[in-house]
Q: 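Structure in structure tokens, see below.
Read the numbers this way: they start at 1 and go in the same order the structure lists the ligands and their atoms.
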Amino acid sequence: MRKAYINACKIVKSIMLTFMLGVSGAYAQGPAAVYLDDTKPINERVEDALQRMTLKEKIAFIHAQSKFSSPGVARLGIPENWTTDGPHGIRPEVLWDEWSQAGWTNDSCTAFPALTCLAATWNKDMSLLYGKSLGEEARYRNKNILLGPGINIYRSPLNGRNFEYMGEDPFLSSKMVVPYIKGVQQNGVATCVKHFALNNQETNRHGVNVVVDDRALYEIYLPAFKAAVQEGDTWSIMGSYNLYKGQHCCHNQYLLNDILRKEWGFKGVVVSDWGGVHDTRQAIFNGLDLEFGSWTNGLTEGKSSAYDAYYLADPYLKLIKSGEVGTKELDEKVRRVLRLSFLTTMNRNRPTGSFATEEHALAARKIAQEGIVLLKNKGNVLPINLSKTKTIAVIGENAIKMMTVGGGSSSLKAKYEISPLEGIRNRVGNEATVIYARGYVGDTTGNYNGVATGQNLAEKRSSAELLAEAIELAKKADVVIFFGGLNKSDKQDAEGYDRESLGLPYNQDQLLTELAKVNKNLVMVNISGNAVAMPWVNQVPAIVQGWFLGSEAGNALASVLVGDVNPSGKLTFTFPVKLTDNGAHAAGEFPGKDEVHYKEGIFVGYRWADKHKIKPLFAFGHGLSYTTFQYGKVTADRKSMSASDKITFSVNVKNTGSREGEEVVQLYISDLKSSLPRPVKELKGFEKVSLKPGEQKTVTFTIDKTALSFFDDAKHEWVAEPGDFEALIGASSADVRTKASFKLN
Ligand code: BGC
């Protein structure tokens, strides 16, 4: 009788508790649930959640359950993790286990400019704005892991994914990646910085083994990732597809355990690239936390909903159950993923986000405007003076082709995309007549993963007819703007393949040459994420690097072309005249097949051009303005420094033209004598200054020994060798205006 009474009391008590605390399974754990208490430190919450999880729940927690999500722990009220590409906008929803569209009608996003453009702003505030806006879009769409930014170094102009990255320089990439991360993560959304590491080609991307010396690894390919971890505090990082030292990078002892975790102290989650895992034991022991994939075992096509077959799923569980491996590594992985949950989905105070708003469109436009680079402007053809222009001929497929669809995983479903032709028409209105001819046919398709542009680009006319029409129009016009370059088709600026040559596709070279013959006011706008060859460079007076600019592309381009906005972008990679002017190609080492040797070592980009005294077509850091800037003489606050000192360089920069503009002042350091070979100079500082006509400002750069150091591979440490150095200050890597000598004692 008494026993029955006690049991009844227990039941009533438990019902009351359930009512008092809510019906969620989480609260059934009782009030001692430390993991739910956000006044407690994250570590304690993690430990508490961990010890409540069963073995099965832990295994489920570390691999995908759908194309883009991994399970939480429903019983404990820990939400699923939802990832999204990345890095230029929030990818539209696909089906649970298919790549095809889910057909949502509320997932059309703001398309931000490609990261190449963001980097070309050389403006950290733009990077913060980008990250903040994109993070808001991710948050609104309930994604807690944004698959980006991409920061692989631009080693060759043929890499199909360069447009998703930040250029050839480790210092610039390091400085630009950090604010992006902070902006995204302030929304309670983790960045997943990718692809770690050495993912510099698309050819055989799952199978190529990269052979690189330690100096190039540490000086060129790793610094931006290190900054993302140590300065940006990214909550996750994505392993890359390729191999390094014979191990796939998603489970790579050297990169993940030795460098990322031990040397850099990374506390976040290592996420595999989709299908980048190949081995359960390596995945267990070599630093991977969370496995995502594409098909049956992550990589190969076949079964559907085969997530239990993933390397970190049943095969792992089996090894544990048979006693072949312990649970120490599993707990570590779960801890790290839990930590990410507490920082994102379990953070009750995170903002709610916003999606495809006018504010985001304005941000996208501003970034696009600041990233556009004026490469050449002979005879001041630009800006177009509308009061003196009756007819503008716009020519080229890229004036009308939508670029937000295509290119691989970064493809978007944008709420809208203003094409260059529309942008120009919007801006010019009745002030001049805008006429259009296509000029060439490139890619007439407009569909990626089921997202259709809706554009009908079919063309029946022959290329001779298209050329003739373009020439006729060009003859009639006061100014001709040609929009060409690359597009997002395979073997151009797209994931999965590399480009096959440096030249422009679709006979554009001939078209440009012919146009230049009939109209001297010719402007070439190169829409691309890569350098292209320009055999017509001397015939075309004005050249603009127009990138892939997202939703506001046309408006941003028009504003620069007519001069509402004074261009201030600078190149983040070298445009070589020919392919063999690039180190990787000079060595015949791009693309690699089973193995690729980075024989050029640390001499990537301008470092190669400097070393071999090769004059580039357009140099790293180059970009013109509609005004002019004069640099004064640089001064240093001391003549020599010790390893614990700092040294400050100051230079006056004056706007000597007639309109307001912004200049990116660049500091390069040159080590005059060293025990190991060093680049002629390396970027170690940059500052974007805005100046009114006649105005002058003092720009200062303070550096310490890190700016003087190289990676000594024998000692495996950074070394600043005493001796003579020079601080070179200029407007590009090929345009040094002033220098100062100093000594490290
Ligand atoms: C790409 C990643 C991308 C992932 C998910 C992979 O193929 O390499 O960059 O984030 O797919 O779409």
Side-chain angles (χ1 to χ4, degrees), residues 63-70 81-102 107 109 114-116 134 138 141 143-152 159-166 177 180 184 189-208 225 228 234-243 248-250 269-278 288 290-295 297-301 307 310 405-413 448-451 488 490 493-498 529:
H63 68 270
Q65 60 174 1
S66 77
K67 288 281 168 258
F68 284 103
S69 72
S70 63
N81 288 309
W82 275 89
T83 72
T84 176
D85 286 299
H88 305 144
I90 305 307
R91 189 172 172 161
E93 300 296 329
V94 297
L95 293 174
W96 186 260
D97 190 42
E98 295 295 331
W99 287 106
S100 31
Q101 292 301 301
D107 58 352
C109 67
L115 291 195
T116 13
L134 187 60
R141 287 268 306 281
K143 310 299 179 190
N144 68 318
I145 305 179
L146 177 82
L147 305 176
I151 49 170
N152 293 92
N159 179 9
R161 288 190 91 171
N162 278 339
F163 73 100
E164 290 182 68
Y165 304 144
M166 293 189 173
V177 71
Y180 180 117
V184 170
V189 173
T191 48
C192 187
V193 177
K194 66 194 189 184
H195 308 88
F196 189 68
L198 300 165
N199 188 180
N200 309 102
Q201 66 173 55
E202 288 299 284
T203 308
N204 192 22
R205 61 179 176 165
H206 293 279
V208 68
F225 287 104
T234 181
W235 297 333
S236 67
I237 208 164
M238 186 190 289
S240 63
Y241 281 141
N242 52 285
L243 297 92
H248 279 98
C249 295
C250 287
V269 175
V270 175
V271 179
S272 76
D273 198 348
W274 268 229
V277 184
H278 299 258
L288 179 69
L290 193 50
E291 180 184 4
F292 276 89
S294 298
W295 305 103
N297 62 2
L299 190 61
T300 40
E301 233 167 292
Y307 301 98
Y310 275 30
V405 176
S409 55
S410 63
S411 181
L412 297 172
K413 182 166 110 187
Y448 184 84
N449 247 179
V451 176
K488 299 285 190 71
D490 289 349
D493 281 325
E495 182 178 339
Y497 297 93
D498 294 311

Q: Charged N to carboxylate O under 4.0 angstrom, Asp273 versus Lys194?
A: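 Answer for the salt bridge query: no.
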Q: What do you reckon, are the aromatic ring centroids of Phe68 and Trp96 less than 6.0 Å apart?
A: no
Q: Counting distance only, does the side-chain N/O of Asn162 pair as donor-acceptor with the main-chain N or O of Asn200 below 3.5 Å?
A: no
Q: Does this structure show an ion pair linking Glu93 with Lys143, if we count only N-O contacts that are shorter than 4.0 Å?
A: yes
Q: Ligand 1 versus Arg205, non-hydrogen atoms closer than 4.0 Å: side chain, backbone, both, neither?
A: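 It is the side chain that gets close, since no backbone atom is under 4.0 Å.
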Q: What are the atoms of ligand 1, with element, lying closer than 4.0 Å to any heavy atom of Lys194?
A: 2 (C), 3 (C), 9 (O), 10 (O)
Q: Consider every N or O of Trp274 and every N or O of ligand 1, then say whether any pair is closer than 3.5 Å.
A: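 It does not: no N or O of Trp274 is found under 3.5 Å from an N or O of ligand 1.
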Q: For atom 9 (O) of ligand 1, which of Lys67, Glu495, His195 has the closest heavy atom?
A: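 When every heavy atom of Lys67, Glu495, His195 is considered, His195 comes closest to atom 9 (O) of ligand 1.
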Q: Under the salt bridge (Lys or Arg N to Asp or Glu O under 4.0 Å) test, which residues partner Arg205, sequence neighbours left out?
A: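 In terms of salt bridge (Lys or Arg N to Asp or Glu O under 4.0 Å), with neighbours along the sequence ignored, Arg205 is linked to Glu202, Glu495.
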Q: For ligand 1, which atoms sit closer than 4.0 Å to a heavy atom of Arg91?
A: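 Going through ligand 1 atom by atom, the ones under 4.0 Å from Arg91 are 12 (O).
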Q: Can you list the ligand 1 atoms lying under 4.0 Å from a non-hydrogen atom of Met238?
A: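 Counting atoms of ligand 1 from 1, those under 4.0 Å from Met238 are 10 (O).
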Q: Taking non-hydrogen atoms only, is Phe292 closer than 4.0 angstrom to ligand 1 via side chain, backbone, both or neither?
A: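 The answer is neither.
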Q: For ligand 1, note which part of Arg161 has a heavy atom under 4.0 Å away: side chain, backbone, both or neither.
A: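 Only the side chain of Arg161 comes within reach of ligand 1.
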Q: Given Ile145, Leu147, Asp273, Asn199, which one has a non-hydrogen atom that is nearest to atom 2 (C) of ligand 1?
A: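 Looking at heavy atoms only, Asp273 sits closest to atom 2 (C) of ligand 1.
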Q: Are any of the heavy atoms in Glu164 under 4.0 Å away from ligand 1?
A: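 Under 4.0 Å: no for Glu164.
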Q: Ser409 heavy atoms, cut-off 4.0 Å: which ligand 1 atoms fall inside?
A: 1 (C), 2 (C), 3 (C), 9 (O), 12 (O)
Q: Taking Gln201 for the side chain and Thr203 for the main chain, is one N or O donor matched with an acceptor at less than 3.5 Å?
A: yes
Q: At less than 4.0 angstrom from any non-hydrogen atom of Phe68, what atoms of ligand 1 do you find?
A: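 So the answer, numbered in order with elements, is 5 (C), 12 (O).
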Q: Checking Ser272 side chain against Phe292 main chain: does a donor-acceptor pair fall under 3.5 Å?
A: yes
Q: The criterion is side-chain contact (heavy atoms from CB on, under 4.5 Å); which residues satisfy it with Leu412, sequence neighbours excluded?
A: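 Residues passing side-chain contact (heavy atoms from CB on, under 4.5 Å) with Leu412: His88, Cys109, Ala111.
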